Each structure stands twice: as C-alpha cells, then as structure tokens.
Amino acid sequence: MDNQENLNNLDEMEYETLELDLEDGRSIECIILDIFEVEGEKYIALIDKDEPTEEIFFYGYEEINEEEVDLTNIEDEDLFDRVVSTFEEIYFEEE
C-alpha cells in the first residue's frame with residue numbers, strides 16, 4: 001500500500017496520535033503522519049483524527065523526553081513552503 005492509499009485508509013490502520021492545543025483554546029486528537037527533517041531540523045505532519053481529509057498541520061518538532069514534545073509554529077513562509085514540499089516528496093511521490 002503506498003502513502004496516498006494510507007491517507008485514504010486511515011480508519012483501517014494503527015497509528016500514533018498526539019493531542020494538539022489550538023490557538024482558539026480547543027484541543028484535537030491528531031494522527032502523526034510523519035516526523036521528518038528539513039535542513040537539519042525536525043518537523044511533524046499531523047491531521048485531525050476526526051476530520052482526516054480536511055488539512056495537514058505542519059510544526060517544528062523537538063522531543064523533550066519520551067512523553068513530551070515541543071511543537072513550534074513555522075513562521076517563515078519560505079521555510080514553511082520547503083517543509084510542505086519535502087513532506088509531499090516523501091509522502092506522495094514514493095513508489
């Protein structure tokens with residue numbers, strides 16, 4: 001099964017989740033699609049577990065310990081574009 005098919009069949013797969021606190025005060029449970037590197041820094045791609053086809057969230061990623069991670073917004077638009085592009089290359093163009 002390729003990665004695009006994985007996105008379409010999330011309800012049939014086992015996956016890791018992460019609780020994401022949104023700016024509006026809500027929390028959502030997200031599926032971790034991938035943790036990957038761009039220019040030596042780690043980033044994470046997440047989707048809402050309840051709305052998996054809506055949008056993919058991208059954040060800077062740092063593991064604090066086994067149970068805690070630090071997610072940071074990607075403020076730089078050019079860096080954000082490189083992160084998204086790298087994720088798309090990894091996730092959608094693999095054979």
Side-chain angles (χ1 to χ4, degrees):
M1 182 177 302
D2 69 16
N3 289 326
Q4 180 64 48
E5 289 175 22
N6 288 345
L7 267 183
N8 295 331
N9 296 305
L10 284 171
D11 56 337
E12 300 170 10
M13 298 173 50
E14 290 187 31
Y15 42 78
E16 290 186 61
T17 62
L18 179 104
E19 189 81 13
L20 181 62
D21 296 323
L22 301 177
E23 291 177 356
D24 64 6
R26 294 181 303 128
S27 291
I28 58 173
E29 187 174 9
C30 290
I31 296 169
I32 299 172
L33 294 177
D34 202 0
I35 298 169
F36 56 99
E37 287 193 22
V38 176
E39 300 171 4
E41 298 292 327
K42 288 187 177 182
Y43 296 90
I44 190 169
L46 308 166
I47 56 171
D48 185 338
K49 182 179 178 188
D50 296 326
E51 302 286 339
T53 59
E54 287 299 310
E55 73 179 291
I56 298 173
F57 303 103
F58 294 94
Y59 292 94
Y61 175 88
E62 181 181 354
E63 190 170 309
I64 305 300
N65 56 48
E66 288 184 22
E67 297 183 13
E68 186 178 359
V69 297
D70 183 35
L71 302 183
T72 55
N73 289 326
I74 305 169
E75 302 291 339
D76 182 275
E77 190 173 319
D78 290 333
L79 176 58
F80 184 84
D81 290 343
R82 289 192 303 275
V83 168
V84 171
S85 178
T86 299
F87 174 80
E88 288 174 344
E89 287 174 15
I90 293 168
Y91 212 82
F92 296 112
E93 295 179 11
E94 275 187 358
E95 302 235 355

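Because the structure is a prediction, the values reported are computed rather than measured.
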[X] side chain near [Y] side chain, heavy-atom distance below 4.5 Å:
X: Leu33; Y: Phe87; value: yes
X: Tyr61; Y: Thr72; value: no
X: Ile47; Y: Phe57; value: no
X: Ile32; Y: Tyr15; value: no
X: Leu71; Y: Leu18; value: yes
X: Arg26; Y: Ile28; value: yes

hydrophobic_cluster_shared for [Y] and [X], side chain cutoff 4.5 Å:
X: Ile74; Y: Ile90; answer: yes
X: Ile56; Y: Phe80; answer: yes
X: Val38; Y: Ile44; answer: no

Can you tell me which residue pairs pass the salt bridge (Lys or Arg N to Asp or Glu O under 4.0 Å) test with a partner in residues 33-46, sequence neighbours excluded? Glu39-Arg82

Glu62: which residues meet the side-chain hydrogen bond (donor to acceptor under 3.5 Å, both in side chains) condition with it, sequence neighbours left out?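 Partners of Glu62 under the side-chain hydrogen bond (donor to acceptor under 3.5 Å, both in side chains) test: none.
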
Please report the C-alpha distance between Leu20 and Leu46 in whole Å, then the side-chain angles of each, then the deciding distance to 0.1 Å, and finally whether the side-chain contact (heavy atoms from CB on, under 4.5 Å) criterion is met. CA-CA 9 Å; Leu20 181 62; Leu46 308 166; 4.3 Å; yes

Measure the CD-CD distance between Glu19 and Glu29 for me, rounded to the nearest 0.5 Å.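 Atom-to-atom, Glu19:CD and Glu29:CD are 6.5 Å apart.
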
Spatial distance of atom CG (Asp50) from atom CD1 (Ile31) [nearest 0.5 Å]: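 Separation between the atoms: 8.5 Å.
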
Working for ring pair (Phe, Tyr, Trp, His ring centres under 6.0 Å), residues Tyr59 and Tyr43: CA-CA 6 Å; Tyr59 292 94; Tyr43 296 90; over 10 Å; no

Expected output: side-chain Asn73 to main-chain Glu75 donor-acceptor under 3.5 Å: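 Judged by distance alone, no pair lies under 3.5 Å.
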
Val69 versus Glu63, closest heavy-atom pair with distance: CG1-CA, 4.1 Å

